[in-house]
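Following: one structure in structure tokens, then a few remarks.
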Amino acid sequence: MSTSKATLSIDTGLETIIAAQTRLSDVDGQGGRLTICGYDVGVLAQGFAFEEALALVWEDCFGPNLRVEALKIELARLRKVAFENLPSFGQNLQSTELLRQALARCEDKSDLNSALYLVAMCGVATAALGRHARGLPPLAPNPHLAHCDDILAMMTGRRASQEEVKALNAYLVTVCDHGLNASTFTTRVVASTQAGLASAVIAGLSALKGPLHGGAPGPVLDMLDAIGEADQAEAWIEAAFERGDRLMGFGHRIYKVRDPRADALKQALARLPKNAGRLAFAEAIETTALKRLAARYPKRALETNVEYYTALLMEALDIPREIFTCMFACGRVIGWVAHAQEQVATGRIVRPQSLYVGPLSKDAA
Ligand code: SDX
């Protein structure tokens with residue numbers, strides 16, 4: 001069906017374009033609601049283990065009747081295979097670049113086992129990169145542990161507490177899918193050419209790496225460190241505005257009210273001991289930031305997004321700042337795989353139009 005360009009309008013951010021029909025998640029930006037496969041994100045974050053959320057989101061593409069217990073056992077087995085295939089992280093590259101190298105070792109197949117292997121490699125490589133960031137060698141997985149429990153154990157060398165496992169679980173499940181965000185849309189574009197799941201997931205990770213997208217949590221902590229004291233917040237924020245800097249953890253293309261995931265993660269954070277003071281400080285900075293954003297952009301609804309409390313949760317779990325984006329990928333890989341499979345099922349390659357505004361055709365000199 002070819003369409004004459006004269007009838008089309010340009011939208012470089014694609015925000016007015018519905019590029020896919022999906023059964024995976026709905027992001028209600030006006031109402032501040034996120035629904036994943038029929039469940040409110042708060043219900044998922046509180047009540048679903050990582051493997052249960054994976055089975056739910058993959059029901060369409062690899063179901064029906066995915067058995068959680070079988071997935072858990074197979075994922076544990078594949079973490080061991082992934083550990084034996086880890087690249088050596090010698091170069092001083094960013095952790096997301098090293099994670100990309102690890103995923104590049106995964107075969108470009110699109111069956112359930114290959115998809116699970118991508119999830120396993122994300123978790124094992126991220127834990128190893130957490131050790132690498134501290135100058136420590138990687139630790140082998142434990143096949144008797146669930147995914148989140150094992151990621152924390154591989155990263156810290158000790159069994160995590162139940163509260164810590166629940167907190168990581170809540171985070172990875174909360175970020176597992178979120179409509180056609182930049183990294184998921186990228187995944188669908190690559191999948192639409194039938195390049196294969198590993199290529200699609202690596203492309204998604206490359207998009208997630210950007211500070212405007214999944215690269216924001218680390219800079220949230222840098223901002224809190226730079227502000228230092230709550231009474232310094234207003235001056236620091238105004239200076240940031242003058243520098244043309246954006247406040248990491250605030251604003252969103254779709255949410256024009258508070259991102260519902262912020263409070264889902266804040267609840268998980270509140271259940272972890274040892275950070276009541278830090279939480280109170282972060283809340284004070286958040287209040288000042290929201291006030292200053294509203295004063296500077298009265299016509300824009302710049303609210304707290306998922307990354308603000310993500311940063312605090314990962315800090316409370318003693319996850320090194322360098323691997324925050326890799327940890328984000330450990331959750332979002334569930335959605336990337338499901339969206340890739342949804343796109344392949346349409347049989348359509350993603351190929352929008354463009355409007356040429358360059359020089360008119362030049363005769364050969
Ligand atoms: C994620 O899409 C998703 O679903 C993403 C995500 C997911 O789950 O996949 O939710 C995850 O990426 C969350 C966002 C994490 N990024 C950050 O926290 C970085 C800071 N936020 C901004 O860069 C920004 O808010 C975006 C990128 C998130 C959204 O940008 P928009 O909607 O395109 O808004 P914009 O860039 O058009 O900004 C409009 C105005 C600009 O001012 P002017 O150039 O018109 O003068 O608002 C300003 C911006 O400078 N603005 C900010 C700001 N966000 C927007 N100013 C200061 N601080 C901010 N955070």
Side-chain angles (χ1 to χ4, degrees), residues 1-36 41 175-195 199-216 241 244-262 293-294 296-307 325 328-329 332 335-336 338-361:
M1 165 190 78
S2 71
T3 312
S4 132
K5 283 190 189 177
T7 62
L8 302 178
S9 61
I10 290 189
D11 179 352
T12 47
L14 303 187
E15 53 228 80
T16 61
I17 306 292
I18 294 181
Q21 266 190 183
T22 180
R23 288 165 44 84
L24 299 170
S25 58
D26 177 53
V27 182
D28 172 357
Q30 300 306 326
R33 267 187 302 279
L34 169 59
T35 305
I36 299 177
V41 67
V175 298
C176 75
D177 199 46
H178 202 249
L180 283 199
N181 60 82
S183 56
T184 299
F185 183 62
T186 304
T187 303
R188 288 188 77 122
V189 170
V190 172
S192 78
T193 71
Q194 298 190 2
S199 294
V201 163
I202 290 167
L205 175 66
S206 302
L208 189 75
K209 175 173 174 284
L212 296 191
H213 186 15
F241 288 156
D245 292 355
R246 292 177 175 216
L247 303 187
M248 295 292 128
F250 297 93
H252 199 276
R253 173 62 58 79
I254 308 290
Y255 289 121
K256 297 313 166 195
V257 292
R258 190 178 176 80
D259 185 331
R261 299 170 295 175
L293 283 164
R296 189 174 183 89
Y297 299 100
K299 293 196 174 55
R300 300 271 320 184
L302 298 175
E303 297 289 342
T304 310
N305 66 42
V306 64
E307 311 299 16
T325 305
F328 193 159
R332 186 54 57 87
W336 287 338
H339 277 273
Q341 296 292 84
E342 245 190 13
Q343 185 66 38
V344 169
T346 68
R348 299 276 292 158
I349 191 167
V350 176
R351 203 279 183 226
Q353 301 232 29
S354 55
L355 181 65
Y356 176 69
V357 292
L360 296 177
S361 58

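The line from CG of D11 to CD1 of I17 is 5.5 Å long, rounded to the nearest 0.5 Å. One finds the CD1 atom of I254 at 9.5 Å from the CD atom of Q30 (value rounded to the nearest 0.5 Å). Rounding to the nearest 0.5 Å places CH2 of W336 at 15.0 Å from CG of L24. Residue R296 holds its CZ atom at 9.5 Å from CG of L247, rounded to the nearest 0.5 Å. One finds the CG atom of D177 at 11.0 Å from the CG atom of D26 (value rounded to the nearest 0.5 Å).
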*Tell me, with the steps shown, if E307 and D259 meet side-chain contact (heavy atoms from CB on, under 4.5 Å).*
CA-CA 10 Å; E307 311 299 16; D259 185 331; over 6 Å; no
_Show, in sequence, the C-alpha distance, side-chain angles and deciding distance for Q343 and T187, and conclude whether the side-chain contact (heavy atoms from CB on, under 4.5 Å) test is met._
CA-CA 9 Å; Q343 185 66 38; T187 303; over 6 Å; no
*asked:* Test side-chain contact (heavy atoms from CB on, under 4.5 Å) on S206 and T186; report intermediate values, then the result.
replied: CA-CA 9 Å; S206 302; T186 304; over 6 Å; no
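Smallest separation of non-hydrogen atoms from A216 and M248: O-CB, 3.9 Å. Nearest heavy-atom pair across S25 and L34 is CB-CD1, 4.3 Å. Minimum interatomic distance between R253 and G13 (heavy atoms only, all atoms of both residues): NH1-O, 3.4 Å. When every heavy atom of L205 is checked against every heavy atom of A329, the shortest pair comes out as CD1-CB, 3.8 Å. Residues A19 and L180 approach most closely at CB-CD1, 3.9 Å, considering heavy atoms. Considering all non-hydrogen atoms of both residues, T325 and G215 come closest at OG1-CA, 3.5 Å.
Crowding of Q21 atom CD: a count of heavy atoms from other residues, nucleotides or ligands under 6.0 Å not exceeding 12.
Within the 3.5 Å criterion, the main-chain N or O of H252 finds no donor-acceptor partner in the side chain of N305.
Using a 30° and 60° split on the angle between ring planes, H178 and Y255 fall in the tilted class, from 30° to 60°.
By the 4.5 Å heavy-atom criterion applied to side chains, N181 and R332 are counted as neighbours. When side chains are defined from C-beta on, E303 does not count as touching K256, because their heavy atoms never get closer than 4.5 Å.
The pair E342-R23 does not meet the salt-bridge criterion, since no charged nitrogen lies less than 4.0 angstrom from a carboxylate oxygen.
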